[in-house]
Number of protein chains: 2
Amino acid sequence: MKKKIKDLKQKINQYDFIIIGAGGTALAAAMYAARLGLKTLVLGSTYGTELPIGGVITTTHIVENYPGFIRLSGVELAKKLEEHAKSYKEVTIKNEKVSEIKKNGNCFLVSTENKRNYVGKTILFATGTKWRKLPDSVKGSREFENKGVSYCALCDGPLFKGKVVAVIGGSDSAAKDALLLSEYTKKVYIIYRGEQIHPEPINMERIKKNKKIEIINNTNVIEIKGKNSVESVVLDKPYKGKKELKVQGVFVAIGHIPISDLAKNLGVKLNEKGEIEINHATSETNIPGVYAAGDVTDKPFKQLITGVADGCTAAYSAYQYITKNKILTC
Amino acid sequence: MKKKIKDLKQKINQYDFIIIGAGGTALAAAMYAARLGLKTLVLGSTYGTELPIGGVITTTHIVENYPGFIRLSGVELAKKLEEHAKSYKEVTIKNEKVSEIKKNGNCFLVSTENKRNYVGKTILFATGTKWRKLPDSVKGSREFENKGVSYCALCDGPLFKGKVVAVIGGSDSAAKDALLLSEYTKKVYIIYRGEQIHPEPINMERIKKNKKIEIINNTNVIEIKGKNSVESVVLDKPYKGKKELKVQGVFVAIGHIPISDLAKNLGVKLNEKGEIEINHATSETNIPGVYAAGDVTDKPFKQLITGVADGCTAAYSAYQYITKNKILTC
């Protein structure tokens, strides 16, 4: 009797396809896997970050580059992807953080921090990235976190109504943060260590036309100062004759770090940046039955649309792997 | 004066990114390129097929697997992609068929059948595929084309209301054609030469539940017979004791042929199937400045979502190529 219950329990917790992460890539992969008849579990909301289901796209104000939608909010798009995945009964989404993944016979044993175990015939890492933090060498960067220092313009922007803020970084994300913040604030400085910020041309044009935004290239922030909250930043060279710039907010957009520890511990091959190396035609990693897609991979061009497509490809590869190898049970 | 006019004319016909084809992949690539500031020309509606803008997806009845849309018609989805592309002033779409593409200095000279010339800094082949026709050895297959023999269930299905039809093929497309045709017709036979038809599991389930559909595996059609239009097909082995099956329509779904002649003539490397070989991380072909995406490529998993994503990747690669090589003019 005990054995029977154990078997039953194991069967309940056995899936064809376990997806680590719950961002756009994960949700699209889940939808596709379900269509292929795979019993699919999505774990984490989202893995290793504080983000809700939908992942990093929920922190994007306006999305205009997901083909098929001319313009919608990141939250709206995330909702559509979630609803699409949930429209299939084969998909289960659980808000649990994975602590370890081990090979287990034909299959993989996935353990979560709340002491639950799941067995999967195949695994997809769609764990994404986390924000790169300012280095400790920037005095005050830790001290003023959530007291004026933010990593999410969309989340915290409205708190800076009528104030002066700085965005640190030169990428398209930094530019979009500045554009968004200009809707709330009185003034936005973009402070970039490189020669010239490099957003998408369409966003560069928007920044040029925006009178609230001022760009400071070739400059580093070396200190963040204040009493109870941020009051100024100190630059490594003078801007308009002054090294100290009065700002009440600092938005950091200096890139991302792939969340690939779980994959690494399982033996998945990473590149020197810590990104998961995949076959870009199939989303396969070096371990049979293990796939990766989206921002955590070594894809050079990382966008929601490419992650979504690679997630679908991973689902198809997993389906083929299970069918070819005739993995009926774990 | 003449030279000036010539120069001006040349400038007008000069583009950063010329896309050959006007299917979903092409339209998504155009949108993305425009956002990157590339003056973009989409040629062909769609190239080498009789399909409207949007391409092969317009021949799909219901699309349920494009992430973000739970369920819509292929025509609706194509329209959304077209509107998205057209929402950027940098995008021009022309219904012209390309006859030749040649290297021209830094750039490429694209000539069309109506004797127009365009110069492009970069080229994207998004030419897709055309339907594979029944071999000539199947008697009557040419004679009854458009007289009962069709390659497009969505286009011609409604003409067969209350009739009996056959679908030839065993793929997911064949299955979806059969499901669609069952909505109009009295009965649908799926005739497949292989051991077992192999649609997506979700469509296999639907077929099993559909009382109008009957599957005949391990069987070839060797002749199509009739007077003015199709009246029957002859099989290479008896089915329920008879070699002749009475049908008024034959829908052929036996695969696709990549439309890659223009690419081949330009020196682009193809695989043994005639598909364009690409770097799956960048959509680059073997020729610098020339990209390919979608069904014409050697991607193993070909879906609208993967073509769309690879089209966007190609646009980004083209943008990087133009910027890095500082191609200012042709």
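Please read all numbers here as calculations on a predicted model, not as lab measurements. Naming convention: chains lettered A, B, ... in sequence-line order (proteins, then strands); numbering from 1 in each chain.
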Derivation and outcome, salt bridge (Lys or Arg N to Asp or Glu O under 4.0 Å), residues K39(A) and D16(A): CA-CA 5 Å; K39(A) 190 183 165 196; D16(A) 296 313; over 6 Å; no
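When N65(A), I202(A), L81(A) are compared by the number of non-hydrogen pairs under 4.5 Å with chain B, N65(A) comes out ahead. Ranked by heavy-atom pairs under 4.5 Å with chain A, the list A78(B), A34(B), G68(B) is led by G68(B). Of the listed residues (Y316(B), Y88(B), Y32(B), F301(B)), the one with the most heavy-atom contacts under 4.5 Å to chain A is F301(B). Contact count versus chain A (heavy atoms, under 4.5 Å) is highest, among E205(B), H280(B), E90(B), for H280(B). In terms of heavy-atom pairs under 4.5 angstrom with chain A, the leader among S87(B), P67(B), C312(B) is P67(B). In terms of heavy-atom pairs under 4.5 Å with chain A, the best-connected choice from R71(B), E64(B), M204(B) is E64(B). For the set E200(A), M31(A), R35(A), the entry with the most heavy-atom pairs within less than 4.5 Å of chain B is R35(A). When each of T306(B), L36(B), L304(B) is checked for heavy-atom pairs under 4.5 Å with chain A, L36(B) comes out on top. No other option in Q320(A), K299(A), K80(A) has as many heavy-atom pairs under 4.5 Å with chain B as K80(A).
A salt bridge links E82(B) and K79(B); the closest N-O separation between the charged side-chain nitrogens and carboxylate oxygens is under 4.0 Å.
Under a 3.5 Å cut-off, the side chain of S283(B) and the backbone N or O of A293(B) do not form any donor-acceptor pair. Within the 3.5 Å criterion, the main-chain N or O of Y321(A) finds a donor-acceptor partner in the side chain of N325(A). For the pair K121(B) (side chain) and I327(B) (backbone), a donor-acceptor distance under 3.5 Å is present. The backbone N or O of L38(B) sits less than 3.5 Å from a side-chain atom of T40(B), completing a donor-acceptor pair.
Taking the six-membered ring where tryptophan is involved, the planes of F69(A) and F69(B) are essentially parallel, since the angle between them stays under 30° and well short of 60°.
Residue contact with chain B, scored on non-hydrogen atoms closer than 4.5 Å, involves the side chain of T282(A) exclusively. Heavy-atom distances place both the backbone and the side chain of Y66(B) under 4.5 Å from chain A.
To the nearest 0.5 Å, the span separating NZ on K302(A) from OG1 on T297(A) amounts to 5.5 Å.
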